[in-house]
Amino acid sequence: NAGVTQTPKFQVLKTGQSMTLQCAQDMNHNSMYWYRQDPGMGLRLIYYSASEGTTDKGEVPNGYNVSRLNKREFSLRLESAAPSQTSVYFCASSESREGHLGNQPQHFGDGTRLSIL
Amino acid sequence: AQSVTQLGSHVSVSEGALVLLRCNYSSSVPPYLFWYVQYPNQGLQLLLKYTSAATLVKGINGFEAEFKKSETSFHLTKPSAHMSDAAEYFCAVKNTGNQFYFGTGTSLTVIP
């Protein structure tokens, strides 16, 4: 039971390079999320996808794009990496819906540690 | 929008002592509430969640949290700290939409 799988686990980029962070979940969840975690700032939502075919901006979307490829996969792309995007990135999924499933928690991957020089 | 406040970014307790990590939320209606734990170089793991069935919620590893509507609080406690409890703890809230809102975290240190 893999849960949420993120690749790669570590990456070093140069300023201006692009890359895509991959995320896949095997729990048949509808909702998927991308967060960044920086010291003292908790988790900040970058983008989320409430269901297959939909994406929405979160708190800090600038400099990022996302693709909900199918129900399982949700990728995050940095088109032109900047040092300010050095962070730990977490993908999460949740079976969150209205009503009785509204209190379902998120399940997290182990993160991608990204350094931009 | 929801907001979550965790008082104390760092908490230190002696092994065997009570652990109390504070969480307050802002919401006009009781949201869904969660506590997560993060060990070094790992993702977040669910400790417990508020289900509205009971105000005192029991989670894994001996942790529990009490929902107090009048105080808009959901503090996390454990009667006796263990060395393995050293980690970062996050309180999170969710409304009826799809977004979760996290506090800035509390780092727990357990002193032997």
Side-chain angles (χ1 to χ4, degrees), chain A residues 2-6 9-10 23 25 27 29-52 54-61 68 74 88-113, chain B residues 1-10 21 23-25 27 29-55 57 59-60 63 65 67 74 87-107:
Chain A
V4 178
T5 302
Q6 291 184 238
K9 295 188 183 303
F10 302 93
C23 175
Q25 52 93 7
M27 295 170 283
H29 287 166
N30 284 314
S31 300
M32 297 186 73
Y33 308 78
W34 275 105
Y35 294 90
R36 60 178 290 173
Q37 184 179 27
D38 302 291
M41 304 190 75
L43 274 75
R44 293 184 291 170
L45 183 65
I46 304 171
Y47 273 93
Y48 70 102
S49 170
S51 61
E52 185 179 357
T54 68
T55 60
D56 287 284
K57 294 179 179 180
E59 181 184 355
V60 289
R68 184 73 184 266
F74 188 40
V88 182
Y89 291 85
F90 287 99
C91 178
S93 70
S94 174
E95 187 51 64
S96 282
R97 297 177 184 172
E98 302 296 327
H100 71 288
L101 290 179
N103 67 344
Q104 293 304 303
Q106 292 179 311
H107 297 258
F108 286 82
D110 286 336
T112 294
R113 285 148 185 82
Chain B
Q2 301 276 0
S3 71
V4 182
T5 302
Q6 290 185 242
L7 291 176
S9 58
H10 298 276
L21 305 182
C23 174
N24 289 86
Y25 65 91
S27 175
V29 296
Y32 302 111
L33 296 159
F34 308 85
W35 273 100
Y36 290 86
V37 61
Q38 183 181 32
Y39 299 103
N41 299 316
Q42 294 186 24
L44 279 69
Q45 303 172 33
L46 181 69
L47 265 181
L48 51 81
K49 65 179 182 181
Y50 172 64
T51 63
S52 77
T55 57
V57 181
I60 62 172
F63 283 93
F67 172 68
F74 191 55
E88 187 94 16
Y89 292 82
F90 291 93
C91 180
V93 302
K94 176 183 174 295
N95 57 16
T96 54
N98 283 298
Q99 290 196 45
F100 291 76
Y101 300 87
F102 286 83
T104 53
T106 297
S107 178

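With a 4.5 Å cut-off on non-hydrogen atoms, B/L46 touches chain A through its side chain but not through its backbone. Only the side chain of A/R113 comes within less than 4.5 Å of a heavy atom of chain B; its backbone N, CA, C and O stay farther away. In this structure, chain A has no heavy atom under 4.5 Å from any part of B/Q6. Contacts between A/L45 and chain B at a heavy-atom distance below 4.5 Å involve the side chain alone, from C-beta outward.
Here the SG-OH distance, from B/C91 to B/Y101, works out to 14.5 Å after rounding to the nearest 0.5 Å. To the nearest 0.5 Å, the span separating CH2 on A/W34 from CD1 on A/I46 amounts to 8.0 Å. Atoms NE2 and CE, on A/H107 and A/M27 in that order, are 5.5 Å from each other to the nearest 0.5 Å.
In terms of modelled atom types and a separation under 3.5 Å, the side chain of A/Q37 and the main chain of A/F90 share no donor-acceptor contact.
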